[in-house]
Amino acid sequence: MQHFLSTVDWTRDQLDSLLNLAADLKKEPIRDDLRGKSIAMLFLNPSLRTRTSFELGMQQLGGIAIVLQPGKDAWGVEFEPGAVMNGEAEEHISEVAGVLSRYCDLIALRAFPLFEDWEVDREDAVIRALARYSTVPVVNMETIVHPCQELALMMTLKEKLGTVQNRKFLLTWTWHPRPLNTAVANSALLIASKFGMDVTLLCPEEAYRLDSQFESAAAQFAEESGGSFRVMHDIDDAYSEVDVVYAKSWGALPYYGRPEEEWALRQKYRNFMVDETKMALTNNALFSHCLPLRRNVKATDGVMNADYCVALDEAENRLHVQKAIMLNLLGH
Ligand code: CP
């Protein structure tokens with residue numbers, strides 16, 4: 001049984017198949033293939049796009065989606081193996097996964113890292129525990145990676161650029177008032193390198209480098225796909241002649257769990273906001289972001305309102321790629 005936990009576990013051919021199916025679904029959105037099928041969606045964190053697109057997508061395929069928010073409208077869940085459960089959680093993931101597997105055909109989970117200890121969070125243990133105990137396929141709706149967002153990004157780039165091989169992809173860190181999850185940044189590196197793009201990671205200084213497991217994977221994928229991967233800290237050099245600017249903010253991993261200390265570092269880098277002057281350095285690049293985005297903090301109104309901004313296309317494509325993922329995992 002195959003899960004959709006990370007694109008690292010999926011070959012380029014498999015990902016291409018998902019993207020081709022998503023393109024078909026975009027042309028013919030209403031189908032009946034999943035009549036009688038269901039997905040349970042566990043949200044430990046808020047969402048607008050992920051929840052809407054999965055619920056709608058399952059309905060458009062003839063099935064139903066059930067949203068559960070453990071700790072709010074469902075019992076709190078303990079994920080730690082062997083835990084003595086005398087805290088807030090009322091049930092263990094082993095029973096949650098077992099029960100939902102009896103009811104539903106797919107289980108999806110959003111579980112952001114806890115921002116206490118990166119050495120713990122980098123193992124992605126929560127979704128791996130769900131996958132261990134589930135007897136139906138599990139879908140990652142964002143943990144320390146966001147594979148659904150990756151596919152939506154790549155679908156959008158292929159639609160706009162045609163071929164993406166050796167097109168220049170800039171992932172830029174942006175200013176934000178607090179340290180955010182690295183998931184989308186990790187994922188952007190994985191998918192762009194897997195599809196043969198020339199990838200630059202721009203971040204203000206070494207403290208904002210991404211976890212070595214993702215930078216190493218990007219370097220390896222780039223070697224296999226004929227792309228490239230490099231890290232830069234100079235804004236003008238990094239933007240020069242790129243074809244795609246992809247923005248995301250994230251917390252400095254050496255300060256993980258210590259946001260007050262990180263603030264002293266972060267506040268120096270407000271100049272990393274994406275603006276029209278930086279975009280003018282590019283090769284008429286596309287701009288995108290996973291959303292939500294704080295306007296005039298991460299990117300200016302001018303960038304967000306420009307014709308080259310494809311963030312809404314990427315958000316729409318979440319719907320199509322997730323329908324493809326659900327169909328694929330259920331054998332279609
Ligand atoms: N990009 C994304 O996952 O959006 P939501 O957090 O609104 O689901």
Side-chain angles (χ1 to χ4, degrees), residues 4-7 18-19 22 26 39-60 65-73 106-115 121 124 126-127 130 138-157 159 171-174 176-192 210 214 244-251 274 286-295 297-299 303-304 309-326:
F4 191 71
L5 305 186
S6 167
T7 57
L18 288 175
L19 292 173
K26 192 166 184 171
I39 182 169
M41 302 165 64
L42 296 166
F43 281 97
L44 305 191
N45 313 96
S47 165
L48 184 146
R49 280 143 291 271
T50 304
R51 177 174 172 172
T52 310
S53 51
F54 263 110
E55 279 199 70
L56 188 62
M58 192 43 138
Q59 268 195 5
Q60 290 181 347
I66 296 150
V67 172
L68 297 164
Q69 300 177 88
K72 290 186 184 165
D73 58 14
L106 296 166
I107 305 175
L109 173 69
R110 167 166 285 195
F112 290 175
L114 297 178
F115 292 95
D121 285 344
D124 221 1
V126 168
I127 197 154
L130 172 59
V138 170
V139 179
N140 185 339
M141 298 193 296
E142 191 175 350
T143 57
I144 61 166
V145 286
H146 198 349
C148 298
Q149 193 74 49
E150 286 177 47
L151 287 190
L153 166 62
M154 189 46 63
M155 182 173 181
T156 309
L157 296 185
E159 286 173 345
L171 168 64
T172 176
W173 182 90
T174 59
H176 187 279
R178 62 188 178 82
L180 300 179
N181 192 0
T182 55
V184 171
N186 297 333
S187 277
L189 288 192
L190 295 178
I191 201 74
L210 294 168
F214 300 110
V244 179
V245 175
Y246 199 61
K248 185 70 185 77
S249 189
W250 61 87
V274 184
L286 301 171
F287 170 79
S288 199
H289 185 281
C290 62
L291 307 178
L293 175 139
R294 294 188 187 215
R295 280 176 172 244
V297 173
K298 285 171 155 178
V303 169
M304 289 303 291
C309 176
V310 295
L312 295 186
D313 299 281
E314 183 177 329
E316 181 197 325
N317 285 338
R318 290 287 305 277
L319 174 66
H320 310 303
V321 299
Q322 288 159 196
K323 287 164 74 177
I325 293 164
M326 291 189 285

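For ligands, and for the atoms within them, numbers begin at 1 and follow the listed sequence.
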Nearest protein heavy-atom contact for [atom]: which residue, which atom, what distance?
atom: atom 4 (O) of ligand 1; answer: Arg49 NE, 2.8 Å
atom: atom 2 (C) of ligand 1; answer: Arg318 NH1, 3.4 Å
atom: atom 6 (O) of ligand 1; answer: Arg110 NH1, 2.8 Å
atom: atom 7 (O) of ligand 1; answer: Leu48 N, 2.7 Å

* Asked: Within a strict 4.5 Å, meaning less than it, do heavy atoms of the Tyr246 and Leu157 side chains meet?
  ->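 Not touching, per the 4.5 Å side-chain cut-off.
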* Any side-chain heavy-atom pair from Met41 and Glu55 closer than 4.5 angstrom? ->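 Met41 vs Glu55: side chains touch.
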* Does atom CZ of Arg178 have more than 12 heavy-atom neighbours from other groups under 6.0 Å away? ->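 Not more than 12 within 6.0 Å, no.
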* Taking atom CG of Leu312 as the centre, does the number of heavy atoms from other residues, nucleotides or ligands within less than 6.0 Å exceed 12? ->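 Counting neighbours around CG of Leu312, 12 or fewer heavy atoms of other residues, nucleotides or ligands fall under 6.0 Å, so no.
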* Using non-hydrogen atoms of the residue, decide whether Met141 is closer than 4.0 angstrom to ligand 1. =>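 No.
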* **Reference residue Trp250; test side chain to side chain contact (heavy atoms under 4.5 Å, CB included); the match among Thr174, Val184, Leu210** =>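 Result for side chain to side chain contact (heavy atoms under 4.5 Å, CB included) with Trp250: Leu210.
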Check this for me - ligand 1, [X], N or O atoms closer than 3.5 angstrom, yes or no?
X: Pro292; answer: no
X: Glu142; answer: no
X: Pro46; answer: no

* To do: Quick one: pull up OG in Ser6 and CG in Leu190 and give me the separation to the nearest 0.5 Å.
  =>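 With rounding to 0.5 Å, OG (Ser6) is 6.0 Å from CG (Leu190).
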For ligand 1, does [X] get within less than 4.0 Å through its side chain, its backbone, both, or neither, judged by non-hydrogen atoms?
X: Val184; answer: neither
X: Arg51; answer: neither
X: Glu314; answer: neither

* **Residue pair Glu314 / Thr156, side-chain donor-acceptor N/O under 3.5 Å** =>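 There is no such pair between these side chains.
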* Say whether Glu142 and Asn45, considering side chains only, have a donor N or O and an acceptor N or O under 3.5 Å apart. =>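 The answer is no; no qualifying pair exists.
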Numbering as shown, the atoms of ligand 1 that approach [X] to under 4.0 Å (heavy-atom distance):
X: His146; value: 2 (C), 3 (O)
X: Gln149; value: 1 (N), 2 (C), 3 (O)
X: Thr50; value: 2 (C), 3 (O), 5 (P), 8 (O)

* To do: Would you check, one step at a time, whether the test side-chain contact (heavy atoms from CB on, under 4.5 Å) holds for Thr143 with Val126?
  => CA-CA 8 Å; Thr143 57; Val126 168; over 6 Å; no
